[in-house]
Amino acid sequence: MAVRAAEWHKLPLSLTELCINTTLRCGQSFRWRKSAEDEYSMALHGRILSFRQDATHLHYRAIFPPSLPTPPPSNAPSLAPSVVSDDDDTLALVRHYLNLEPNLVQLYEQWASEDPNFKKRAPKFTGIRILRQDPWEALIGFICSSNNNISRISGMVHNLCKHYGPLIGHVGDEPYHDFPTPEALADPKVEAHLKELGFGYRAKYIAKTAQIVATDKSLAWLEELCNPESPVFGQEPKPAGQLEMGGREGYRKAHDELLALHGVGPKVADCVCLFGLGWSESVPVDTHVWQIAQRDYKFGKGKHSSLTAATYTAVANRFRALWGKEAGWAHSVLFTADLKAFSERVVAKTEVKEEVITVKKEEDGTEEIEDVKKIETIKRKRVKKEVDEPEHIVEVKEEVLTRSSRRRRAR
DNA sequence: GCCGGACCTAACTG
DNA sequence: ACAGTTAGGTCCG
């Protein structure tokens with residue numbers, strides 16, 4: 001049982017280039033678990049990867065499974081532990097997964113210079129970086145995300161790994177499983193089992209998508225949809241063409257092909273493109289982003305009064321025009337700033353008890369509230385306890401609620 | 001192309 | 001207490 005020594009290594013990195021406490025929890029990945037105070041872990045590429053971070057360094061550790069009973073066939077994919085230095089491999093994996101190449105500080109400056117709203121909201125949400133996740137894992141994870149919340153999605157993904165993914169090892173007593181293969185999820189029994197596990201209507205989507213990928217298509221098909229500038233771990237980057245209004249050609253093709261899968265609509269397809277396939281111009285327009293587009297970017301009126309397919313494209317194109325090739329990165333900053341789980345950071349200013357109602361005459365003479373009616377009330381509430389957070393019993397925070405009188409949830 | 005309803009679940013809301 | 005709403009939507013008619 002010679003588990004290879006699991007030592008911590010470190011990498012100089014500022015919190016403005018990457019903040020794991022935000023990036024790993026903002027809903028782009030559902031796999032990271034808190035394995036200790038200020039420590040996050042998940043199984044990745046046949047090992048358990050753990051992160052810690054301080055003001056100057058990122059600390060990482062890899063725990064490998066005890067050496068395999070039988071060596072895998074020589075043509076086996078990625079799982080084969082390399083004979084050469086594991087540390088070098090893990091460092092390369094960390095750099096790849098965390099997508100450390102782009103200069104994030106510079107990008108924030110660029111977005112802020114083009115967009116006053118970004119400039120206003122981003123300062124409290126620095127270091128949010130788009131990860132390079134496994135495409136298959138991103139696909140299934142975001143199929144789970146429909147009509148759902150991050151905490152429940154994480155639980156579902158955890159269950160998928162626990163029941164269908166290979167065990168990689170333990171951190172303390174906690175087992176860590178890798179993400180299941182399409183074949184593992186293509187078993188006919190999967191749908192019923194997932195329903196028992198509380199997946200609801202998503203059980204069918206997952207089972208069907210797994211069957212299609214495992215039989216009709218393949219993992220290679222999915223991975224070939226990757227941005228060639230940002231390929232899966234171990235492949236050489238190639239140029240990906242010019243940005244157009246609707247995104248690069250490869251992005252549009254990837255988005256289009258993903259739409260054919262069950263449970264994959266425009267939003268989920270964009271999440272897979274952005275978080276799993278490396279298409280940085282992809283802008284998933286979900287309920288949050290739609291709210292943001294209405295509140296801060298003058299959408300929600302006239303032609304684009306509800307989030308139809310046409311409006312979806314218009315919003316995404318608008319953000320691409322505004323933020324450029326890494327629009328999806330900027331989008332994720334504003335998205336995170338809008339998440340309730342991080343709302344404590346934006347409550348600094350209080351005392352806004354204002355009400356603005358714009359009324360517009362319709363052709364038929366009826367009056368209709370056109371602008372989002374902003375009634376910001378200050379509400380005191382107990383901060384929702386994070387699952388594995390220590391007990392802060394009577395911490396009281398203020399939360400700003402914004403109500404709109406109509407079109408609250410145009411879907 | 002657009003609209004409305006159904007779809008699973010669990011926690012939160014008034 | 002308890003029905004309604006929401007949480008990173010999608011599908012169908």
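These numbers come from the heavy atoms of this one structure, side chains and all, not from hydrogens, waters or symmetry mates. The sequence lines fix the lettering, A, B, ..., with proteins before strands; numbering per chain opens at 1.
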Report summary line: Output field dot_bracket for DNA chain B (Watson-Crick or G-U, both distances under 3.5 Å, | for other-strand pairs) contains ..|||||.||||||
Regarding [X], tell me which of base, sugar-phosphate or nothing describes its non-hydrogen contacts under 4.0 Å with the strands shown.
X	value
A:Val264	sugar-phosphate
A:Gly198	sugar-phosphate
A:Cys144	nothing
A:Phe335	base
A:Ala203	nothing

For the [atom1] atoms, the ones on [N] and on [M], what distance do you get once it is rounded to whole angstrom?
N	M	atom1	answer
C:dG8	B:dG5	P	24 Å
B:dG1	C:dG9	P	23 Å
B:dG4	C:dT5	P	16 Å
B:dT9	C:dA1	P	23 Å

For the pair made of [atom1] in [X] and [atom2] in [N], what is the distance, rounded to whole Å?
X	N	atom1	atom2	answer
A:Lys340	C:dT5	NZ	C1'	10 Å
A:Ile292	C:dG8	CD1	C1'	11 Å
A:Asp286	C:dG9	CG	P	6 Å
A:His262	C:dT10	NE2	P	14 Å
A:Leu194	B:dT9	CG	P	12 Å
A:Lys208	C:dT10	NZ	P	16 Å
A:Tyr201	C:dC12	OH	C1'	14 Å
A:Asn148	C:dT5	CG	P	19 Å

**Report entry** Per A:Arg152 side chain, nearest of listed nucleotides C:dT10, B:dC8, B:dC3
**Finding:**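 The answer is B:dC8, which lies nearest to the side chain.
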Requested in this report: Please list residues of residues 269-285 of chain A whose heavy atoms come under 4.0 Å from any atom in DNA chain C, ordered by number; otherwise none.
Outcome: A:Cys271, A:Phe275, A:Pro284
Query raised in the report: Do any side-chain nitrogens or oxygens of A:Thr308 fall under 4.0 Å of OP1 or OP2 in B:dG1?
Result: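 So the side-chain polar atoms of A:Thr308 never come under 4.0 Å of the phosphate oxygens OP1 or OP2 of B:dG1.
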